[in-house]
Amino acid sequence: MSETILDKVAAAHPGAVEQCLARYGPLVWSLARRLSPTFADAEDAAQEIFTDLWRAAQRFDPRREPSEATFVAMIARRRLIDRHRKRARQPNTTDLEQSLTMPAAEQPDQLELGEEAGRVRELLEQLRPEERQVLELTFFHGLSQSEISQRIQLPLGTVKTHARRGLIRLRELAADFLERAKEPTS
Amino acid sequence: MTPSPHSDHDRLLELLAERVLVGLDADQQHELDSLLQTQPDFDAECLDRTAALLDWAVAAGDTEPLPQSLQDRIRAGSRLGLQTRPGAGDGAGDPSYEDGAGDPSYESARAPTVGAAARVAQRMHRREVVAWLAAAACLLLAVFAWCTRPTLPPPLKSPAVMNSEPPVTPPGTDTPDPSAAILTVAQQREQLLASAPDVLHLQLVSDDSGAVAREPGGDIVWSSGRQMGYLRLQGLVNNDLPQRQYQLWIIGCDAAGSEVINGGMFHVDRSTGELILPIQADHFVQQPKVFVVSVEPLGGGHALTAPLLAKADGVGP
């Protein structure tokens with residue numbers, strides 16, 4: 001089995017950090033920007049994610065994880081959720097930004113997804129419409145559940161339920177996909 | 001009454017979904033731990049992988065690299081991080097849920113806090129302790145320098161009007177490029193124009209009847225990748241201190257729709273010559289559409305309400 005980038009990071013190979021930054025920097029940066037309120041916060045988050053990654057690299061198991069990229073995304077999400085919860089416990093300092101926000105306009109869907117990503121999108125299409133909508137707003141648009149509740153005019157509890165059920169259903173639908181992703185490619 | 005295995009299974013999935021989507025509080029984490037103990041073969045990360053798949057799919061079309069300064073910080077951190085990478089069985093700082101079991105939001109297992117400092121320090125190598133002490137000394141030095149700085153900043157982030165001649169350091173930059181310290185604002189602007197691959201260069205057009213400007217002109221230079229830019233202005237009349245000042249706004253699109261971002265405030269105390277101002281967006285500008293200069297009450301407005309002075313628009317997606 002060929003050595004992965006995370007294997008090299010775990011073994012502290014020279015150049016492994018550079019490889020990791022080049023390969024997964026855009027992924028981490030994309031998620032950090034999407035789930036952080038400010039540019040500075042996104043920078044701090046990305047730095048923390050990579051620190052987590054250095055520490056977690058040795059745990060990457062290609063037999064267990066669909067791919068290195070999804071492992072990195074998993075590490076990133078944990079850190080970003082953690083930071084979100086910490087912010088939520090702090091006094092609200094977002095009034096200024098909220099007051100600067102104009103009434104939301106519908107954003108055209110301009111996501112350029114690759115082939116594999118397109119298949120994930122197809123899986124989403126198989127969900128119930130309300131579950132799909134909540135998950136798309138959560139993952140594609142980076143909205144919090146409170147923001148989604150306001151945006152689609154549903155009670156927060158209902159939004160939470162749709163999100164949970166949608167994710168659980170997606171896991172069932174993606175089971176085959178995740179297994180296929182684990183298969184080695186030549 | 002003992003809950004049925006089926007309801008346990010459903011509840012377990014609910015908690016795992018909640019953990020992935022918004023995190024768990026202490027009670028929920030405790031409940032999750034208990035349920036996982038009763039189902040040791042359950043894949044506790046199954047929904048994490050599903051969410052990661054979605055996250056990866058979303059990010060698949062996004063190829064913007066990390067900012068260079070951030071890459072440098074990460075590289076610097078990796079030197080220490082890789083040295084302190086825990087060995088097998090030592091989960092300090094590891095973001096794995098497994099190591100965070102029993103810990104609300106798996107935080108203390110992942111991010112050492114002040115309260116945990118002593119415990120963490122016991123596991124540190126001497127070299128790391130020295131590094132931390134050095135960092136603390138630097139922090140104290142920085143605090144001292146901050147407390148003894150000669151002037152107080154304005155209440156909101158506000159770029160001071162600069163003549164293009166004197167050397168300045170771009171404000172609001174955590175780790176300024178050492179070479180920038182000897183560049184004028186005009187030179188920094190030119191440098192951005194020449195080096196940023198995604199740079200926007202937009203002409204300002206007057207949208208004013210002449211009350212606050214005499215043939216205002218100028219342009220905007222902006223790089224979304226670097227999140228920095230410059231506003232160049234000509235022909236503005238002095239703002240009537242202490243009542244009014246100028247403010248730059250950036251109207252763009254974020255994930256939720258349109259947004260108006262404060263790009264910084266400035267005074268004009270002379271009506272001739274060229275002014276070049278570093279743009280100080282107070283949060284991330286995802287997709288700028290229109291740049292607007294307006295006249296606002298002193299201290300700046302929290303929303304774009306004052307008469308429009310000049311704008312640069314027509315930015316494509």
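In the text below, chain A, chain B and the rest are named by the order of the sequence lines, each starting its count at 1. In this text, all values refer to a predicted model and were calculated from it rather than measured experimentally. What's counted below: heavy atoms across the whole structure, side chains too, no hydrogens, waters or symmetry copies.
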Q: I would like to know whether V72(A) and W56(B) meet side-chain contact (heavy atoms from CB on, under 4.5 Å); could you show each step before the answer?
A: CA-CA 9 Å; V72(A) 172; W56(B) 166 77; over 6 Å; no
(Q) Walk me through whether L13(B) and R164(A) qualify under side-chain contact (heavy atoms from CB on, under 4.5 Å). (A) CA-CA 8 Å; L13(B) 278 174; R164(A) 281 199 305 261; over 6 Å; no
Q: Begin from the C-alpha positions of L53(B) and L170(A) and carry the test side-chain contact (heavy atoms from CB on, under 4.5 Å) through to its verdict.
A: CA-CA 10 Å; L53(B) 202 59; L170(A) 193 66; over 6 Å; no
Q. What's the verdict on side-chain contact (heavy atoms from CB on, under 4.5 Å) for T70(A) and R49(B), showing C-alpha distance, side-chain angles and the deciding distance?
A. CA-CA 7 Å; T70(A) 52; R49(B) 291 191 190 90; over 6 Å; no
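Of the atoms belonging to E48(A), not a single heavy atom falls under 4.5 Å from chain B. Both the backbone and the side chain of F139(A) come within contact range of chain B, judged by heavy atoms closer than 4.5 Å. Contact annotation for L173(A): neither backbone nor side-chain heavy atoms come within less than 4.5 Å of a heavy atom of chain B. In this structure, the portion of L31(A) lying under 4.5 Å from any heavy atom of chain B is its side chain and not its backbone. For a residue to count as touching a neighbouring chain, one of its non-hydrogen atoms must lie under 4.5 Å from one of that chain's; by this rule E18(A) touches chain B with the side chain only.
The structure places CZ of R165(A) at 8.0 Å from CD of E14(B), a figure rounded to the nearest 0.5 Å. Taking CD of E18(B) as the start and NZ of K160(A) as the end, the distance is 4.5 Å to the nearest 0.5 Å. To the nearest 0.5 Å, atoms CD1 (I168(A)) and OG1 (T50(B)) are separated by 10.0 Å. Atoms CZ and CG, on R171(A) and D48(B) in that order, are 11.5 Å from each other to the nearest 0.5 Å.
Using a 4.5 Å heavy-atom cutoff, the side chains of H84(A) and V22(B) are not in contact. In this structure, L54(B) and L124(A) have side chains that are in contact, with non-hydrogen atoms separated by less than 4.5 Å. Annotation: side chain of R33(A) is in contact with side chain of E64(B) (closest heavy-atom distance under 4.5 Å). The closest side-chain heavy-atom distance from W54(A) to I74(B) is below 4.5 Å.
Formation of a donor-acceptor pair under 3.5 Å by the R77(A) side chain with backbone atoms of V20(B) is found in this model. In terms of modelled atom types and a separation under 3.5 Å, the side chain of R85(A) and the main chain of G23(B) share a donor-acceptor contact.
Surrounding CZ of R132(A) are more than 12 heavy atoms belonging to other residues, nucleotides or ligands, all under 6.0 Å away.
Closest heavy-atom contact between P65(B) and P26(A): CA-CG, 4.2 Å.
The pair R78(A)-E45(B) counts as a salt bridge, with a side-chain nitrogen and a carboxylate oxygen less than 4.0 angstrom apart.
Comparing L16(B), D43(B), L70(B) by how many heavy-atom pairs each has under 4.5 Å with chain A, the most go to L70(B).
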